[in-house]
Amino acid sequence: MISKMWKMLISSFGCELRPLIIRYHSNEHLRVSIIDGNSEKECRSRALESVKFCYVVGSCNGLILLSKTGMDLYDRENRWNKHVVLNPNSKNRGVTIINGPSGGGTLCGFFFHPKAKECRILSVRQSNNNQFEYHLYLFGEKRWRSTKKLYFSYRPDIRQKSLNFETRIDDHPAIANDALHWYISIVGEIMVFNMITEDFSTKPGPVVVGKGGCHLQHLSVKDNQLCFCYVGREDQSMDIWILENYTKWSWVRKYVVHLDWDLNKYPPGENFLTADFFRGVKVICIQKNELVLFWVHRGMFSYRLDKNTVKRIRLRNSHMDWLMRDYDWLCAFQAYHPFQSINERESEWEMV
């Protein structure tokens, strides 16, 4: 059964399903809303008022997973080892607290297991042998266990906040072909976790980054295929590569998104820095032919890949907009994955 909120979100677009976006702010307390491209609906819950300084790990089957920001991968004591699951569609909009693994860890994935028919959480921590140790939380059994292959030599990238040296893991894997994928920038490879076999591996990325670096390298999913978005240091456009054959690992550069938009039509904000003109571009999601971008201090945009047209997505003004200087730390946007029945999921897998 499709939830009442989900019906309401898609009704304004007729038969065309638009990407749903999670918007969150976390300062004095957590505030979460869902954007459908035309409106923004806040999830009002008293339970959220007790949740402070959290970030959204991801969404799965209508649920939103949150964790505390600033958890250090190398902090074995893991002072705050609790995580929050929120169902924005439930009537009481309560939250469920999940204790982390006994030895600590940082969440790096939230996904639906196609065989077990349940959501699962993937957590990582550094072990004493310079390897990384992985654990899974099983929603059905409500417990943590180690992955079948406990250790792997890589972990998803971490980001460090320069002012207070907080670290956060890149917890937004691209999920396709029953696997989680992260781009490991230091080696230019894609790390893969097979959710069925629980094996880890690495694959080559589609782009070799030059010595000058780049403004953006982002792994995502379009129409159940992996895609890689790339903006080079000297570029004014974004290349979008599509993994057309997963078995042969064959990439094709399919789209070029020009980013030299009219500054008068889409003016930047007061805090916009010319030196970091393209660094503030964030890929939120790609659905069908619609690419949703957020440009820090400039706004959110919908770009039609089939027509090469751009349209601003109007966001509701918030008294917490000043937190944009802490984007990815105290506020951010993410794709929202609503509830799907088992039949809907199986029909998608048949089309792949």
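- Note on Leu122: it does not cluster hydrophobically with Leu150, by side-chain heavy-atom contacts below 4.5 Å among ILVMFWY residues.
- Asp235 and Tyr230 share no side-chain donor-acceptor pair at under 3.5 Å.
- Residue Lys149 places its NZ atom among more than 12 non-hydrogen atoms of other residues, nucleotides or ligands, all under 6.0 Å distant.
- The structure places CG of Leu66 at 8.5 Å from CD1 of Ile22, a figure rounded to the nearest 0.5 Å.
- The shortest non-hydrogen separation linking His181 to Tyr246 is NE2-OH, 2.7 Å.
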For this session: For side chain to side chain donor-acceptor pair (under 3.5 Å), just list the numbers for Thr147 and Glu198, CA-CA rounded to whole Å, side-chain angles, deciding distance to a tenth of an Å, and then say yes or no.
Result: CA-CA 6 Å; Thr147 54; Glu198 299 181 16; 5.2 Å; no
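- With a 4.5 Å cut-off on side-chain heavy atoms, Phe110 and Cys119 count as touching.
- Counting heavy atoms from C-beta on, the side chains of Met300 and Leu293 never come closer than 4.5 Å.
- Put simply, the residue from Thr309, Asn289, Ile286, Asn308 that forms a side-chain contact (heavy atoms from CB on, under 4.5 Å) with Tyr303 is Asn308.
- Under the 4.5 Å side-chain heavy-atom criterion for grouping Ile, Leu, Val, Met, Phe, Trp and Tyr, Phe193 is connected to Val187 within one hydrophobic cluster.
- The closest donor-acceptor contact from the side chain of His113 to the backbone of Met195 lies under 3.5 Å.
- The closest donor-acceptor contact from the side chain of Glu189 to the backbone of Ile184 lies at 3.5 Å or more, if one exists at all.
- To the nearest 0.5 Å, the span separating CG on Asn177 from CG on Asn224 amounts to 8.0 Å.
- Using modelled atom types, no side-chain atom of Gln126 and backbone atom of Phe132 make a donor-acceptor pair closer than 3.5 Å.
- At least one side-chain heavy atom of Gln334 sits less than 4.5 Å from a side-chain heavy atom of His172.
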For this session: Show your reasoning for whether side chain to side chain contact (heavy atoms under 4.5 Å, CB included) applies to Arg125 and His135.
Result: CA-CA 9 Å; Arg125 65 170 177 253; His135 292 80; 3.3 Å; yes
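- Of all non-hydrogen atoms in Pro267 and Arg312, the two that sit nearest each other are CD-NH2, 3.9 Å.
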Problem set entry | Stepwise salt bridge (charged side-chain N to carboxylate O under 4.0 Å, His left out) check, Arg155 with Glu133 | CA-CA 9 Å; Arg155 53 102 179 96; Glu133 186 176 325; over 6 Å; no
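- Between the side chain of Ser59 and the backbone N or O of His337, at least one donor-acceptor pair lies under 3.5 Å.
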Exercise. Met238 and Val283: side chain to side chain contact (heavy atoms under 4.5 Å, CB included), yes or no, with the steps?
Worked result: CA-CA 10 Å; Met238 176 192 300; Val283 175; 4.0 Å; yes
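- In summary, of the residues considered (Val84, Ile121, Leu107), a side-chain contact (heavy atoms from CB on, under 4.5 Å) with Ile98 occurs for Ile121 alone.
- With Phe228 as the fixed residue, the ring-ring contact (aromatic ring centres under 6.0 Å, His included) test singles out one of Tyr183, Tyr255, Trp182, Trp241: Tyr183.
- To the nearest 0.5 Å, atoms CD1 (Ile175) and OG (Ser220) are separated by 11.0 Å.
- The backbone N or O of Asp239 sits nowhere less than 3.5 Å from a side-chain atom of Arg253 that would complete a donor-acceptor pair.
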Exercise. Taking it one step at a time, do Glu42 and Arg316 satisfy salt bridge (charged side-chain N to carboxylate O under 4.0 Å, His left out)?
Worked result: CA-CA 10 Å; Glu42 184 171 352; Arg316 185 178 61 188; 3.3 Å; yes
For this session: Start with the C-alpha gap between Tyr134 and Phe200, add the side-chain angles, then the distance that decides, and say whether ring pair (Phe, Tyr, Trp, His ring centres under 6.0 Å) holds.
Result: CA-CA 10 Å; Tyr134 289 85; Phe200 292 91; 4.4 Å; yes
For this session: Assess whether side chain to side chain contact (heavy atoms under 4.5 Å, CB included) is satisfied between Ile35 and Leu315, documenting all intermediate values.
Result: CA-CA 8 Å; Ile35 303 165; Leu315 299 175; 3.5 Å; yes
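- Put simply, the side chain of Leu65 does not reach to within 4.5 Å of the side chain of Cys60, judged on heavy atoms.
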Exercise. Passes side chain to side chain donor-acceptor pair (under 3.5 Å), His83 versus Ser67? Steps please.
Worked result: CA-CA 5 Å; His83 314 289; Ser67 184; 2.9 Å; yes
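- Contact of the Trp251 side chain with the Ile242 side chain is not registered, since no non-hydrogen atoms from C-beta on lie closer than 4.5 Å.
- Here the side chain of Asp157 pairs a donor or acceptor atom with the backbone of Ser185 at under 3.5 angstrom.
- Taking CG from Leu136 and OG from Ser123, the interatomic distance works out to 9.0 Å, rounded to the nearest 0.5 Å.
- Residues Arg145 and Leu138 meet the side-chain proximity criterion, which asks for heavy atoms closer than 4.5 Å.
- At least one donor-acceptor pair under 3.5 Å links the side chain of Ser127 to the backbone N or O of Gln131.
- Residues Tyr137 and Lys142 come closest through the heavy atom pair OH-CA, 3.2 Å.
- Clustering ILVMFWY residues whenever any of their side-chain heavy atoms sit less than 4.5 angstrom apart, transitively, puts Tyr151 in a cluster other than the one holding Met191.
- Residues Val256 and Val281 fall into different hydrophobic clusters, defined by Ile, Leu, Val, Met, Phe, Trp and Tyr side chains chained together at heavy-atom separations under 4.5 Å.
- Using a 3.5 Å distance cut-off with no hydrogens or angles, the side chains of Ser250 and Glu244 do not pair a donor with an acceptor.
- Side-chain atoms of His258 and Gln236 form no donor-acceptor pair, as typed in the model, at a separation below 3.5 Å.
- In this structure a side-chain-to-backbone donor-acceptor pair under 3.5 Å is present from Asp262 to Asn264.
- Residue-environment remark: CD1 (Ile97) exceeds the threshold of 12 foreign heavy atoms within 6.0 Å.
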For this session: Under the side chain to side chain donor-acceptor pair (under 3.5 Å) rule, what do Lys41 and Ser39 come out as? Steps first, then yes or no, please.
Result: CA-CA 7 Å; Lys41 298 175 176 64; Ser39 62; 2.7 Å; yes
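- With a 4.5 Å cut-off on side-chain heavy atoms, Tyr55 and Val57 count as touching.
- Proximity of a side-chain donor or acceptor of Arg304 to a complementary backbone N or O of Glu290 within less than 3.5 Å is not detected.
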For this session: Check the pair Cys43, Leu86 against side chain to side chain contact (heavy atoms under 4.5 Å, CB included), reporting the backbone distance first and the verdict last.
Result: CA-CA 10 Å; Cys43 175; Leu86 166 70; 4.2 Å; yes
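- Pairing each heavy atom of Pro204 with each of Ile190, the nearest pair is O-CD1, 4.3 Å.
- Of all the heavy atoms in Ile240 and Val257, the pair that sits closest is CD1-CG2, 3.9 Å.
- Formation of a donor-acceptor pair under 3.5 Å by the Asp223 side chain with backbone atoms of Gln225 is not found in this model.
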Exercise. Given Phe301 and Tyr266, is the ring pair (Phe, Tyr, Trp, His ring centres under 6.0 Å) satisfied, shown in steps?
Worked result: CA-CA 10 Å; Phe301 301 91; Tyr266 306 112; 5.4 Å; yes
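- Across Asn99 and Trp144, no two heavy atoms sit closer than the pair O-NE1, 2.6 Å.
- Looking at Ile21 and Cys285, their side chains come closer than 4.5 Å, going by heavy atoms from C-beta outward.
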